[in-house]
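Each residue takes its place number in the sequence, starting with 1.
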Amino acid sequence: MPKNLPTAAQAWEKVTFFSIDTNLIQAAGYNFGQGALHQLPNQLPESIGLQLPEIVVSEIVKHRMESVLKAHKQLHVAANELHRLTTIDVSEVQGSVDKLNAIEAATQQFTQQVHNYAAQCRGAVLPTAGVDAVRSLFADYFAQKPPFGLSEKKKSEFPDAMCLWQLEQYAKDNETIGIIASDDKGWKQFAAESETLYCAASIDELTELFAATNEHAESIKTQIAAAVKDAGSPLGAALAHALDQHIGNARWDAFEVYTGSSHRIEPEVYGANVGEYSIDGDISVWSVKGEPTTWVVELTARVKANVDVSVEFFAWDSIDKEELSLGAQEFTTEAEVDVEVFLSCADVHLDTQPSDWSTDIEIADGSYSLEGFEVELDYGPPDKE
């Protein structure tokens, strides 16, 4: 199999399935209802379905459960602390928490979401039970064949090896070719030696293979590009509003903010808005199968955001051995982020303008980190004696 991705023609003619590594699903925020993962079924041909190894499902559920387990533990810890401080009987609270059965319910919910998503992508989850791969995997392990490498962490590569073995076996059993999407070096090396698997480094690289490039598509791209770049157009105004909502509702962390004068600080983002934005790179479009006047458009907006941060400063009282709050102060900083935007355009005709189309804008919930900057508490002008 060539190391490079297939041409668009080869992809349409030969590829019948794709798969996604856990890392790319994690990078997409496990968000199957918004953004890149949500749009995949519309961007790929109906002849291509998702085949997701059960190990990937288990890894997704495990990662998502980490926050649930932490929150569940905090509930119990908080109840116990309340009892310790007040002697109030908290058994009813503890019983209510246990009655929720949150751990099992969340596990089932997250698992079902992935299975539903695979079905939505015209595919299924490949079960691990009954798979006889042990001999093959151990042979590759000792021969240091991909995805096994020379690192000391080869044992942690067994889940990857199992996923790749299953996907290659699925392709051989069905006499077909698949594309695996992963930015993992081992997956890429495995595909380079496989006769049935290609590897795309990202979801965007996967979907770009099937982007429309005909004259109709180019005309739509030209009209969309002009409309979104024109702040005075209905579509340009709608995009600006959607970006401002996205930036304002995004999760921001300010862990890198620092000070050189106080014992400790607690920074917290309390607001953000769009200063300016531009359309970065090319615009891609996909025709929705069976709906000739419906198109999916993907673009990237480079956004400069104004982010408001409240910082509380603390000093250490060495006599009483405790922290003292010195007060809080507000700061504004600028952050530059890339935002992936999807447009679903209906009633699209060559002789009409984007303002005549029915267009929905979709932006997945965002999570961003501020670059570190130094803050100092302003104590005000010195008192005059």
Side-chain angles (χ1 to χ4, degrees), residues 1-28 30 36-37 39-41 43-45 47-60 63 114 117-118 121-126 128 131 133 136-137 139-141 143-151 153-154 156-211 284 286 298 340:
M1 180 66 63
K3 292 185 179 181
N4 297 322
L5 282 170
T7 64
Q10 290 172 328
W12 277 87
E13 293 171 4
K14 298 181 178 180
V15 175
T16 65
F17 77 95
F18 72 100
S19 193
I20 313 174
D21 192 6
T22 310
N23 53 4
L24 295 187
I25 296 175
Q26 185 177 30
Y30 310 108
L37 294 175
Q39 291 295 338
L40 258 180
Q43 294 172 295
L44 300 184
S47 58
I48 296 179
L50 173 63
Q51 298 299 326
L52 204 60
E54 191 174 32
I55 288 175
V56 171
V57 179
S58 298
E59 288 178 337
I60 291 170
H63 288 311
V114 184
Y117 180 69
C121 292
R122 302 174 291 275
V125 172
L126 297 175
T128 304
V131 171
S136 175
L137 294 186
D140 290 347
Y141 173 80
Q144 296 180 344
K145 294 179 63 176
F148 299 111
L150 297 174
S151 71
K153 300 180 179 179
K154 290 197 290 292
S156 66
E157 294 166 343
F158 264 94
D160 284 343
M162 184 65 195
C163 291
L164 292 165
W165 186 92
Q166 271 194 283
L167 292 169
E168 187 171 55
Q169 197 62 41
Y170 175 88
K172 290 178 178 178
D173 291 345
N174 291 276
E175 299 181 346
T176 187
I177 290 175
I179 301 178
I180 52 178
S182 174
D183 60 4
D184 185 271
K185 185 179 178 180
W187 284 52
K188 185 175 182 180
Q189 290 174 338
F190 184 93
E193 297 183 12
S194 172
E195 296 181 355
T196 59
L197 298 175
Y198 287 101
C199 184
S202 66
I203 293 175
D204 280 345
E205 192 171 78
L206 168 64
T207 57
E208 193 62 33
L209 286 169
F210 304 97
S284 299
W286 292 263
E298 181 183 0
E340 196 172 38

Donor-acceptor under 3.5 Å ([X] side chain, [Y] main chain):
X    : Y    : answer
S194 : F190 : no
E54  : T128 : yes
R122 : S47  : no
Y117 : L37  : yes

Is the shortest side-chain heavy-atom distance between [X] and [Y] below 4.5 Å?
X    : Y   : answer
V56  : I20 : no
K14  : P6  : no
I179 : I48 : no

At their closest point, which heavy atom of [X] faces which heavy atom of [Y], and how far apart are they?
X    : Y    : answer
I180 : A191 : CD1-CB, 4.2 Å
L44  : F210 : CD2-CD1, 3.4 Å
L126 : Y170 : CD2-CD1, 3.9 Å
P53  : Q166 : CB-OE1, 3.8 Å
E168 : T196 : CG-OG1, 3.4 Å
E298 : W286 : OE1-CH2, 3.2 Å

Nearest 0.5 Å, please: how far is [atom2] in [Y] from [atom1] in [X]?
X    : Y    : atom1 : atom2 : value
C121 : Q51  : SG    : CD    : 10.5 Å
E205 : D183 : CD    : CG    : 10.5 Å
F18  : L209 : CZ    : CG    : 12.0 Å
D160 : W187 : CG    : CH2   : 6.0 Å

Tell me every residue that passes side-chain hydrogen bond (donor to acceptor under 3.5 Å, both in side chains) with [X], counting only those two or more places apart in sequence or in another chain.
X    : value
Q26  : Y30
S182 : D21
E340 : none

Checklist entry - Does the pair T16 and N174 meet the rule for a side chain to side chain contact (heavy atoms under 4.5 Å, CB included), with working shown? => result CA-CA 10 Å; T16 65; N174 291 276; over 6 Å; no

Item to check | Matching residue for F17 among L52, L50, L167 - test: side chain to side chain contact (heavy atoms under 4.5 Å, CB included) | outcome: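 With F17 as partner, side chain to side chain contact (heavy atoms under 4.5 Å, CB included) holds for just one option, L167.
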
